[in-house]
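What follows is a set of notes on a single structure, which appears directly below.
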2 protein chains.
Amino acid sequence: MSKEASLKFHMNLGMLIRSAHNSMTERFVKNVFKSGLDISMDQWMVLGPIWQLGSPSQKDLGEICLRDKSSITRIIDSLEGKSLVVRVSDQIDHRIKRVILTNAGKQLFYDVLPIMEKTREEVRGQISEEEIEIFKNVLSKIIKNLNSKA
Amino acid sequence: MSKEASLKFHMNLGMLIRSAHNSMTERFVKNVFKSGLDISMDQWMVLGPIWQLGSPSQKDLGEICLRDKSSITRIIDSLEGKSLVVRVSDQIDHRIKRVILTNAGKQLFYDVLPIMEKTREEVRGQISEEEIEIFKNVLSKIIKNLNSKA
DNA sequence: TTTTTTTAGTTGCAATTGCAACTAAAATAA
DNA sequence: TTATTTTAGTTGCAATTGCAACTAAAAAAA
């Protein structure tokens, strides 16, 4: 591959990924706002796993969401500030804080679910299921490639 | 699709994209550092188009890099601070500032090119050319989907 | 047991983001 | 011509990021 071609490829990839991510987040926030609700993409990305897992630790959430633990701390702070979740110290291991949805948190989750579904449709548009599968697969592989060897 | 399945899909997609982007940037910066050079991913992403286009306006760079104009302003500020580029007012339209590589900028560009190539190899790993093509295609489609209809 | 190391979570920090408000110049309308 | 609108770029701002340093608790080593 020529230097020019490889340059073009790599530049585009990074920029495309960044831009796609920004657009998706922006659209989600817009759709949430239009529905009169109030939750950021980050908060939602944490709320879902809490709902699925029941009472995950913050460490669990960090691993699932692929985020730094300090980011999780702050997102949980904001969710707790809105009374959507509560932190509960683990009975056995007092270092661990388990995060649990309040009733308001569960309600919001169910309210946002159809908005997320709508956003998902808008993001996907005419992209085929097969393409999406490959897309997610490539993303996973990239992450694996970069996290394995130093 | 069940609510659970669709939830899972969307959560993962956003998180995967974010994480892949972070990992790629981190790896690039690490490789640059190991080579004793000094340039951030953002600076590099702007440097390439300047090299390709010769003397683009900041607006051009924003469109190519899919970035806000204020981000471009600040990245050019930092490149100018390192004497890698200079701003030159357009002779005809005095609103426009054209960005031009200095000799040091050109030198750095050529020095970083093989590092970018190496990073690209590490990012791609065993992912096939075909998968990468579909991957980029899906990214472009997603961006198009979200920028067309309000 | 006591000491050391590891782990979970929090906080301080400096860098980066895009939006919105702004300046200055050009294009268009009046 | 003069007045208005649009455009290119800059700056202020508040929010968000991950790293590094920190606290407190648990696990492992002594």
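Sequence lines set the chain letters: A, B, ... in the order given, protein chains first and strands last, and positions in each chain run from 1.
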Record whether the side chain of R87(A) comes under 3.5 Å of the base of dG9(C) through a donor-acceptor pair of N or O atoms. no
To the nearest Å, give me how far apart CG (L66(B)) and P (dT17(C)) are. 14 Å
Does R18(B) contact dG18(D) through a side-chain donor or acceptor facing the base, at a distance under 3.5 Å? no
Is any side-chain N or O of K59(B) closer than 4.0 Å to OP1 or OP2 of dA8(D)? yes
Once you measure the plane-to-plane angle for W44(B) and F109(B), does it fall in the parallel (<30°), tilted (30-60°) or perpendicular (>60°) bin? parallel
Any donor-acceptor pair under 3.5 Å between the side chain of K97(A) and the base of dG9(C)? no
Taking 4.0 angstrom as the limit, do R18(B) and D42(A) come out as a salt bridge? yes
Nearest-nucleotide 5' precedence on DNA chain D, S70(A) against D93(A): S70(A)
One thing to verify: whether D77(A) and K82(A) come together as a salt bridge, which I'm taking to mean a side-chain N less than 4.0 angstrom from a carboxylate O. no
Sugar-phosphate only, base, or nothing, as touched by I92(A) at under 4.0 Å among non-hydrogen atoms: sugar-phosphate
Calculate the interatomic distance between K69(A) atom NZ and dG18(D) atom C1'; express it in whole Å. 11 Å
Within a strict 4.5 Å, meaning less than it, do heavy atoms of the V29(A) and V32(A) side chains meet? no
To the nearest Å, how far apart are D68(B) CG and dA15(D) P? 18 Å
Distance, rounded to the nearest Å, where M41(B) contributes CE and dG18(D) contributes C1': 17 Å
Heavy atoms from C-beta onward define the side chain here; which of dG18(C), dG9(C), dC19(D) lies closest to that of E26(B)? dC19(D)
In whole angstroms, how far is the P atom of dT16(C) from the CG atom of L79(B)? 11 Å
Under-4.0 Å side-chain N/O to phosphate OP1/OP2 contact, S57(B) with dA8(D): no
Rounded distance (Å) that lies between atom C1' of dA8(D) and atom CG of D77(B): 14 Å
Picking from dA25(D), dA8(D), dG9(C), which would you name as closest to the side chain of H94(A)? dA25(D)
Integer-rounded Å distance: dT11(D) C1' and I76(B) CD1: 16 Å
dG18(C) phosphate, OP1 or OP2: any side-chain N/O from N22(A) under 4.0 angstrom? yes
What do the steps show when you test N137(A) against E133(A) for side-chain hydrogen bond (donor to acceptor under 3.5 Å, both in side chains), and what is the final call? CA-CA 6 Å; N137(A) 217 322; E133(A) 273 313 307; 5.7 Å; no
Have a look at R67(A) and say if it touches a base, only the backbone sugar-phosphate, or nothing, with a 4.0 Å heavy-atom cut-off. sugar-phosphate
DNA chain C: S40(B) or R95(B), which has the more 5' nearest nucleotide? S40(B)
Are L108(B) and L101(B) close enough that some pair of their side-chain heavy atoms sits under 4.5 Å apart? no
R74(B) (side chain) and dG9(D) (base): donor-acceptor pair under 3.5 Å: no
Checking all strands, does D42(A) fall into the base, sugar-phosphate, or nothing category for heavy-atom contacts under 4.0 angstrom? sugar-phosphate
I72(A) has an atom CD1; how far is it from atom C1' of dT10(C), in whole Å? 13 Å
